Each structure stands twice: as C-alpha cells, then as structure tokens.
There are 2 protein chains.
Amino acid sequence: MTDDRHIEDGIWLLCSNSAVRRASRQLGQLYEDAMGDTGLKGTQFSLLSQIARSGEPSLKNLAEAMVMDLSALGHTLKPLLRDGLVELVPDGSDRRVKRVRLTETGTAKQRELTARWQVAQDRFDRAFGKEKSEELRRTLAFISSPDFARSFGKGEAD
Amino acid sequence: MTDDRHIEDGIWLLCSNSAVRRASRQLGQLYEDAMGDTGLKGTQFSLLSQIARSGEPSLKNLAEAMVMDLSALGHTLKPLLRDGLVELVPDGSDRRVKRVRLTETGTAKQRELTARWQVAQDRFDRAFGKEKSEELRRTLAFISSPDFARSFGKGEAD
DNA sequence: CATATATAGTGGCATATGCCAGTAAATTCC
DNA sequence: GGAATTTACTGGCATATGCCACTATATATG
C-alpha cells in the first residue's frame with residue numbers, strides 16, 4: 001500500500017457543507033448498489049417520486065420542492081423526457097407555465113423503482129436505526145427549508 | 001402565482017438519500033452566497049483544505065478521504081491544476097502513484113478562502129446551534145465511513 | 001392602452017461525479 | 001524470472017447542478 005494514512009481527521013468534521021456533500025456521495029453509492037441496475041440514478045428516482053406525489057407540478061414548484069435551481073431541474077429532466085418517463089404539458093391558465101407529468105411508462109417505472117428503493121431504505125434504517133433515521137431526515141428537511149435559509153442569511157450584515 | 005402548493009410532504013421525508021442530496025443543494029447555495037465571490041466552488045474549497053491537512057496525499061488516498069470516486073477526483077482537480085492551485089508530483093517509491101500538492105498560489109488561496117468560509121460556518125452554527133452542528137457533522141462522518149458502508153451492505157443476502 | 005417589471009422556461013457554459021475501458025507499474029504465483 | 005493479478009491513474013461518456021443571458025408571458029403603473 002502506498003500510504004496507510006488514517007483518515008480520521010478531515011475538513012468534513014469542521015465544515016457542515018463538506019460533511020453533507022461527502023455523505024451524499026456515500027449514500028449515492030450505497031443506494032445505487034442496493035437498488036441494483038434500474039437504469040436510473042438516485043436523483044431521477046427522487047424526481048419521479050416527487051412528481052408522482054405532487055400531481056402535475058409546474059417546473060418552478062417542483063424545483064422549489066426539490067430545492068433545485070430551475071434550470072438544473074430542466075437539465076435533469078432531459079434524459080427522463082428523452083426516455084419517455086415524463087412529459088411536459090402547458091398550463092391551462094398561464095402560458096408561461098409548464099407542468100410535469102409522469103407518462104404511463106414513467107408511472108410503471110416509478111412503482112418498480114419504489115419496490116427496489118425500499119430495500120435500500122430498509123438497509124439504511126437497519127444500519128442507522130429507524131428512529132435516528134427519521135430524525136435525521138427531519139433535520140435535513142429543516143436545513144433545506146426556506147426558514148433555515150432565512151435564519152442563515154440573518155448573520156449577514158449585523 | 002401559478003400554484004401555491006404547500007411543500008410540506010415529500011420524498012425527502014421518506015428517503016435518506018434524497019434528504020441528504022436536497023440538503024447538500026441547499027447548503028451549497030448558502031455557503032456559496034456567504035463566502036462571496038471567491039472564484040471557487042464549495043467542493044474545490046473542501047479539496048484544497050483536505051489537501052492542506054493531508055500533506056501531499058496520493059490521489060487514491062485523497063479520493064478515499066473525500067469518499068469520492070478516483071476518476072471523479074481526477075476530473076474535479078482539472079480546473080485546480082489548470083489554474084495552478086495544485087500540482088501533481090510523482091511518488092518517490094511507487095511510480096504508479098501521484099501525489100497532490102498545493103502550490104504557493106494554492107496555499108494562499110486556501111488561506112484566503114478559509115477566512116471567508118469561517119463566516120459561512122459561523123452562520124450555520126448560529127442558525128442550527130453549535131452543539132447540534134457538531135453532532136450533525138459527526139453523524140454524517142459516520143454515515144460516510146467504511147464501517148457504515150459495511151453494515152449497510154450486511155442487509156445484502158440474509 | 002403602452003410601457004416598465006416581474007415571472008417561468010430555455011440554452012449555453014462550467015464544474016461535480018460516477019462508470020467503464022484502457023495503460024502502466026507493482027505484486028503474487030508458479 | 002516470467003505470466004497472471006492487482007493497483008493507481010487517465011480519458012471518454014453520461015448525468016447532476018448552478019449561473020447567466022435571452023425569450024415569452026403576465027402584471028403593475030402611469
């Protein structure tokens with residue numbers, strides 16, 4: 001081995017941003033592995049699921065829900081549109097607005113993925129503890145909320 | 001407004017992977033804003049900092065520390081190499097190995113960024129609570145550890 | 001109503017990440 | 001010692017994300 005340096009200490013113990021990104025890389029791997037080859041990535045599953053729950057959300061609303069940049073959402077949907085899992089439909093009253101809808105194929109795929117995803121989530125819950133797992137998700141949801149962004153921003157000019 | 005749908009409920013309350021990714025997008029934004037225009041992204045700062053702490057790590061070791069794919073690390077370092085913040089030096093004993101080193105410019109930049117980063121981190125600690133903040137980072141570090149990956153994998157074929 | 005603004009999306013460019021298929025060097029195994 | 005295997009990296013391809021500039025609508029304003 002080149003270098004058996006212990007990796008105990010790192011910027012991730014000081015920087016919450018680094019810590020979260022690092023964990024998201026790890027979970028990305030673990031979930032992907034656990035879900036097996038579904039042909040879709042974690043983010044794509046999240047998107048399909050959120051679309052399913054939201055009932056034809058506008059791109060704007062979906063982006064907000066996902067805490068994602070609107071243009072990033074647009075880019076990310078491209079492969080899903082290309083593969084016919086989702087489609088964009090113009091809003092009835094506001095011609096600027098486009099709504100996202102799962103196609104039949106998309107709905108089926110989402111259901112199939114959900115079954116596999118449950119396997120991964122069960123493993124997470126078992127490895128981390130069901131209670132703690134729920135608490136963690138609530139914590140992360142709080143950090144992702146506009147409220148948190150607001151109080152974070154408060155430290156601005158005082 | 002097109003659609004004032006409440007965004008209380010979402011896949012992120014069920015899926016830890018989605019929850020972490022969503023939070024990482026939020027924190028990416030908040031830290032970026034708080035740090036102001038440094039010309040570098042959050043990940044780049046993390047990398048420079050970790051390199052600084054590691055003392056000329058091999059790409060492999062750095063990738064492991066960051067819980068990052070080796071090739072991904074290589075790609076991510078490209079802009080930093082291009083801009084002369086880091087350089088690759090061949091290992092003395094193993095010719096397969098390349099070590100990453102901060103250049104003088106890189107060291108200076110890292111120090112400058114650290115000052116700004118502290119501002120962002122302070123805001124996070126204030127908004128989230130210093131204690132909870134530390135605990136969260138430890139939790140995320142645990143989730144990012146090989147130990148966690150192992151116990152996660154245990155749910156495999158039993 | 002005409003213009004000034006604000007809002008929703010799109011497209012281009014850049015970085016972030018991962019997988020897979022090589023390449024080269026080190027190690028293991030006859 | 002030489003072939004088989006493992007290890008460290010590189011490069012190509014694809015998705016993930018974000019910023020900015022631009023277009024089309026919708027809304028507010030005088």
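Proteins get letters first, then strands, A, B, ... in listed order; numbering begins at 1 in each. In this text the structure is predicted, and so the values were computed from the model without any measurement.
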### Distance (rounded to the nearest 0.5 Å) between B/Ser54 OG and B/Met66 CE
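Nearest 0.5 Å value for the OG-CE distance: 9.0 Å.
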Would you tabulate the pairs of protein nitrogen or oxygen atoms and nucleotide nitrogen or oxygen atoms of nucleotides 12-14 of chain D closer than 3.5 angstrom?
unit_1: D/dG12; atom_1: O6; unit_2: B/His75; atom_2: NE2; d: 2.8

Which residues pass the side-chain hydrogen bond (donor to acceptor under 3.5 Å, both in side chains) test with [X], not counting sequence neighbours?
X: B/Glu135; result: none
X: A/Arg150; result: A/Asp147
X: A/Gln118; result: A/Asp122
X: A/Thr114; result: A/Gln110

[atom1] of [X] versus [atom2] of [N]: gap in Å, rounded?
X: B/Arg22; N: D/dT17; atom1: CZ; atom2: C1'; value: 16 Å
X: A/Asp69; N: C/dT7; atom1: CG; atom2: P; value: 16 Å
X: A/Leu47; N: D/dA16; atom1: CG; atom2: P; value: 8 Å
X: B/Lys98; N: C/dA25; atom1: NZ; atom2: P; value: 11 Å
X: B/Glu32; N: C/dT15; atom1: CD; atom2: C1'; value: 10 Å
X: B/Gln26; N: D/dG18; atom1: CD; atom2: C1'; value: 14 Å
X: B/Asp37; N: D/dC19; atom1: CG; atom2: P; value: 12 Å
X: A/Asn17; N: C/dA16; atom1: CG; atom2: P; value: 12 Å

### Message
According to side-chain contact (heavy atoms from CB on, under 4.5 Å), who are the partners of B/Asp125, at least two apart in sequence or on a separate chain?
### Response
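side-chain contact (heavy atoms from CB on, under 4.5 Å) check on B/Asp125 returns B/Gln121, B/Lys130, B/Ser133, B/Arg137.
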### Task
Please identify each residue that fulfils side-chain contact (heavy atoms from CB on, under 4.5 Å) with A/Pro79, with sequence neighbours left out.
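Per chain and number, A/Pro79 pairs via side-chain contact (heavy atoms from CB on, under 4.5 Å) with A/Gln44, A/Arg82.
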Nearest to the [X] side chain among [options], which nucleotide is it?
X: B/Met68; options: D/dA16, C/dT17, C/dG9; answer: C/dT17
X: B/Lys78; options: D/dT17, D/dA8, D/dG11; answer: D/dG11
X: A/Lys60; options: C/dT10, D/dC19, C/dG9; answer: C/dG9
X: A/Arg25; options: C/dG18, C/dG9, D/dT10; answer: C/dG18

### Task
Identify whether any heavy atom of B/Leu70 sits under 4.0 Å from a base atom; if not, whether one sits that close to sugar-phosphate; answer base, sugar-phosphate or nothing.
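B/Leu70: base contact, heavy atoms under 4.0 Å.
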## Note on the structure
Counting primed atoms, P, OP1 and OP2 as sugar-phosphate and everything else as base, the B/S/- map of nucleotides 21-26 of chain D against protein heavy atoms under 4.0 Å is ----BS
### Pairs where residues 39-55 of chain B contributes a residue and the test salt bridge (charged side-chain N to carboxylate O under 4.0 Å, His left out) is met, not counting sequence neighbours
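The answer is A/Asp9-B/Arg53.
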### Message
Quick check: on DNA chain D, is the nucleotide nearest A/Gly42 upstream (toward 5') of the one nearest B/Leu88, or the reverse? Name the residue that is more 5'.
### Response
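Going by which nucleotide is closer to the 5' end, it is B/Leu88.
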### Task
Using atom types as modelled and distance alone, determine if a side-chain donor or acceptor of A/Gln50 lies under 3.5 Å from a backbone N or O of B/Gly10.
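Checked: no pair found.
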#### Entry: 5′-ward residue of the pair A/Gln29/B/Pro79 relative to DNA chain C
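First, find each residue's nearest nucleotide; the 5'-ward one identifies B/Pro79.
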### Task
Please state whether the phosphate of C/dA16, meaning OP1 or OP2, lies under 4.0 angstrom from any side-chain nitrogen or oxygen of B/Gln44.
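So the side chain of B/Gln44 is within the cut-off, an N or O lying under 4.0 Å from OP1 or OP2 of C/dA16.
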### Query
Parallel, tilted or perpendicular: which fits the ring planes of A/Tyr31 and B/Phe152, with parallel below 30° and perpendicular above 60°?
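A/Tyr31 vs B/Phe152 ring planes: tilted.
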